[in-house]
Asks: 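Got a structure here, written out as structure tokens. Questions coming.
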Amino acid sequence: MQIGFKALEAQFGIVLVQPLRVESVIGTTRSERESPQRIQRQYPNVYRPADTFAGHFEFGLKYEEIHFEFFSRLFAVCGPAPLEQWCKAEPFGQYARRAGFFYEWFTGQRLDVPDLAGGTYVDAVAGDVYMTRTQAVRERRWRINNNLPGSPAFCPLIRRSPALGQALEFDPHGAITELDRQFGADVLMRAAAWLSLKESRASFLIEHEADETDRIKRYAHVMAEHSGKLEEPLDSGSLTLLQRGILGDDALRLGLRQSPVFVGQSTIRDDIVHYIGPHFSQLPAMLEGLRVFEQATRGREALARAATLAFGFVYIHPMSDGNGRIHRFLISDTLQRDNAIPSGVIVPISATITGVREFGHGYDSVLEVFSRPFMRRYATAYRFGEMRTYEDGMRSNLVFDAYENASHAWRYPDLTEHVIYTARLVAHTIQHEMADEARILVRFQLAQQRIKAVLEMPDADAVRMIRSIKESGWRVSGKLAKEYPRLEEKALALRVVEAVQSTFEDREPVPIIE
């Protein structure tokens, strides 16, 4: 016999985007089988709950995982009656109180139940099992500590799984401090401009856009100028500032979109849809919910906050253009805002996404954790009809018939896997990408010293020679020799090449006998 939340899901015919992970049944013994996507638990008969709404919901709260999308859909279907009956029968029961609180919070409708006059406050969700707000808000009506991390318009779920706990053990600030210890305290700060540019160039590759120097420099400037420095990164003024900085003043569309949006690809014959964003009328409330999350979770794990804000933003997809780059900006911004990385240091995560196969595939895969089941759920709910022009000037023929139904999924995504991915991405970027950049910078500085010991010259000329010799396979090209005639002297040219080559091969230069 199926029990708990799964029993209610079947009873009320609920179809979820992100499925319930826990399935509980009554059997002869207690056992558990777990996979990354599913947990099957069997309980002996002594655990059997009453076959009622209250019985199954209480069992779910006691022994299973909470699921915000499920709660939202269930309460929309079941209505207030079973909650009112339960709360009146057990006015001081903590599970009845939590259920009543959840109903009112998710639906915005007040149950016909009197306020509690006394009783001990209990947490809405367990802070050691889920990510919660830093300071709970006391709800006197239910004697509940409301520690939900968002608002009813947008509240992500982050489960403190063993994998998440392990990923969040990484200390970005400590890792960067260790790089400073290895390479010198000023190396990464001197590399900051290059890291910003590298992040910008890679970000355009992710968006499959042309490698245009001025656009790359614009995004690099936004990263360097605004990361960690905006008072409210998610208010409309800040988002417009970021968008304008990224796209330029001559961008065709700026501000929140006022038209349908889908993420996909166009072919000669048709458009392939990978994801459909929320209706534009929902955007202000959902962005406000994301902003509530940002404010309410300050002081919590920076990596978890960064991932949740960034991926929450990209699923809301609120801007008319530039969503992907703002999404990645929010990771750097949050890490700096939370002092998880030193001010002014850019962690080039986009370079890792584009340059490391594991994280490139992982980026697509983690986006599909939500988008793939979403599109399966609503595969027959969209079509392309008559083209029309919307208020923001966007022309679209996308028709989606399930905006209201899909809002349960958009507002309450489970972003646990996104946090795990982001923490691992940041760790790899600091420990490998940034370490490699620091190593290259140190070697480049040493190469300048060695080449100037052979032939005195301004820094700009030393840089020109080092780049050319390295790119030409450790030789003086004809073009370089023509530019610097002294390099036509064979012995001198050999000494200059050896000065550069030995540095990048991490060895002492071999004396050249003239």
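FYI, the numbering just counts along the sequence from 1. This is a predicted model, so every value here is computed, not measured.
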Asks: Do Gln166 and Ser161 have a side chain donor and acceptor closer than 3.5 Å?
Replies: no

Asks: Quick test of your reading of the model: are Asp414 and Arg21 salt-bridged, counting only N-O distances below 4.0 Å?
Replies: no

Asks: For Gln295, give me all partners under side-chain hydrogen bond (donor to acceptor under 3.5 Å, both in side chains), at least two apart in sequence or on another chain.
Replies: Glu232, Arg291

Asks: Do other residues, nucleotides or ligands put more than 12 heavy atoms under 6.0 Å from the CD atom of Gln40?
Replies: yes

Asks: Yes or no on side chain to side chain donor-acceptor pair (under 3.5 Å) for Arg325 and Ser350, after CA distance, side-chain angles and deciding distance?
Replies: CA-CA 10 Å; Arg325 284 180 285 277; Ser350 297; over 6 Å; no

Asks: According to side chain to side chain contact (heavy atoms under 4.5 Å, CB included), who are the partners of Ser31, at least two apart in sequence or on a separate chain?
Replies: Gln42

Asks: Does His428 have any side-chain hydrogen bond (donor to acceptor under 3.5 Å, both in side chains) partners at least two apart in sequence or in another chain, and if so, which?
Replies: none

Asks: Can you tell me how far apart CG (Leu303) and CG (Leu168) are? Round to the nearest 0.5 Å.
Replies: 6.0 Å

Asks: Using the salt bridge (charged side-chain N to carboxylate O under 4.0 Å, His left out) criterion, which residues pair with Arg133? Sequence neighbours excluded.
Replies: none

Asks: Students often mix this up, so state it plainly: with edges at 30° and 60°, are the rings of Tyr63 and Tyr47 parallel, tilted or perpendicular?
Replies: perpendicular

Asks: Let me confirm one number: the CG-CD1 distance from Leu425 to Ile353, rounded to the nearest 0.5 Å.
Replies: 5.0 Å

Asks: Suppose we screen for ring-ring contact (aromatic ring centres under 6.0 Å, His included). Which residues come up paired with Phe293, at least two apart in sequence or across chains?
Replies: none

Asks: Is Arg138 close enough and on-axis enough to Tyr121, meaning under 6.0 Å and within 45°, for cation-pi?
Replies: yes

Asks: Given Val22 and Phe5, is the side chain to side chain contact (heavy atoms under 4.5 Å, CB included) satisfied, shown in steps?
Replies: CA-CA 8 Å; Val22 179; Phe5 290 148; over 6 Å; no

Asks: Please answer whether the main-chain N or O of Tyr403 pairs with a side-chain N or O of Asp401 as donor and acceptor at a distance below 3.5 Å.
Replies: no

Asks: Are Thr134 and Thr297 close enough that a side-chain donor and a side-chain acceptor fall under 3.5 Å?
Replies: no

Asks: Check salt bridge (charged side-chain N to carboxylate O under 4.0 Å, His left out) between Arg143 and all other residues, then give those that pass, not counting sequence neighbours.
Replies: none

Asks: Looking only at side-chain N and O atoms, does Arg395 offer a donor or acceptor that is under 3.5 Å from a partner on Thr389?
Replies: yes

Asks: Which of parallel (below 30°), tilted (30 to 60°) and perpendicular (above 60°) describes Tyr315 and His418?
Replies: perpendicular

Asks: Under 3.5 Å, is there a donor on one side chain and an acceptor on the other for Ser227 and Asp333?
Replies: no

Asks: For residues Arg73 and Asn405, is any side-chain donor paired with an opposing acceptor at under 3.5 Å?
Replies: yes

Asks: Applying side-chain hydrogen bond (donor to acceptor under 3.5 Å, both in side chains), name anything that partners Glu58, two or more places apart in sequence or on another chain.
Replies: Lys62

Asks: Can you tell me which residue pairs pass the side chain to side chain donor-acceptor pair (under 3.5 Å) test with a partner in residues 149-158, sequence neighbours excluded?
Replies: none

Asks: Between Tyr363 and His327, what is the ring plane arrangement, given parallel below 30°, perpendicular above 60°, and tilted in between?
Replies: tilted

Asks: Drop me the distance from Thr107's OG1 to Leu74's CG, to the nearest 0.5 angstrom.
Replies: 11.0 Å

Asks: Regarding Arg140 and Asp115, does a basic nitrogen lie under 4.0 Å from an acidic carboxylate oxygen?
Replies: no

Asks: Between Glu294 and Arg305, does any NZ, NE, NH1 or NH2 come within less than 4.0 Å of an OD or OE carboxylate oxygen?
Replies: yes

Asks: Okay, side chain of Arg377, backbone of Val15: is any donor-acceptor separation there less than 3.5 Å?
Replies: yes

Asks: Can you say whether the rings of Phe359 and Tyr421 are parallel (under 30°), tilted (30 to 60°) or perpendicular (over 60°)?
Replies: tilted

Asks: Taking the basic N atoms (NZ, or NE/NH1/NH2) and the acidic carboxylate oxygens, is any pair closer than 4.0 Å for Glu23 and Arg38?
Replies: yes

Asks: Hey, mind stepping through Phe71 and Phe102 against ring-ring contact (aromatic ring centres under 6.0 Å, His included) and telling me if it holds?
Replies: CA-CA 8 Å; Phe71 286 179; Phe102 282 138; 5.1 Å; yes

Asks: For a ring-ring contact (aromatic ring centres under 6.0 Å, His included) check, start with the C-alpha distance between Tyr43 and Phe59, then their side-chain angles and the critical distance, and finish with the verdict.
Replies: CA-CA 11 Å; Tyr43 294 86; Phe59 182 92; 5.2 Å; yes

Asks: Report the residues that fulfil side chain to side chain contact (heavy atoms under 4.5 Å, CB included) with Val122, sequence neighbours left out, ordered by chain and then residue number.
Replies: Gln94, Arg97, Arg98, Ile144

Asks: As an exercise, state the distance from CG of Leu230 to CG of Leu241, rounded to the nearest 0.5 Å.
Replies: 6.0 Å

Asks: Write out all pairs satisfying ring pair (Phe, Tyr, Trp, His ring centres under 6.0 Å) with one or both partners inside residues 122-163, taking only residues at least two apart or from two chains.
Replies: none

Asks: Kindly check if the number of other-residue, nucleotide or ligand heavy atoms within 6.0 Å of CD (Glu84) is above 12?
Replies: yes

Asks: Under a 4.0 Å N-O cut-off, is there an ion pair linking Glu301 with Arg160?
Replies: yes

Asks: Please identify each residue that fulfils ring-ring contact (aromatic ring centres under 6.0 Å, His included) with Phe374, with sequence neighbours left out.
Replies: Tyr275, Phe370, Tyr378, Trp410

Asks: Can you see whether Glu64 engages Ser24 through a side-chain donor-acceptor pair at a distance of less than 3.5 angstrom?
Replies: yes

Asks: If the condition is side-chain hydrogen bond (donor to acceptor under 3.5 Å, both in side chains), which residues does Ser35 pass it with, not counting sequence neighbours?
Replies: none

Asks: Classify the angle between the aromatic ring planes of Phe106 and Phe68 as parallel (below 30°), tilted (30 to 60°) or perpendicular (above 60°).
Replies: tilted

Asks: Side chains of Tyr103 and Arg110: is there a donor and an acceptor less than 3.5 Å apart?
Replies: no

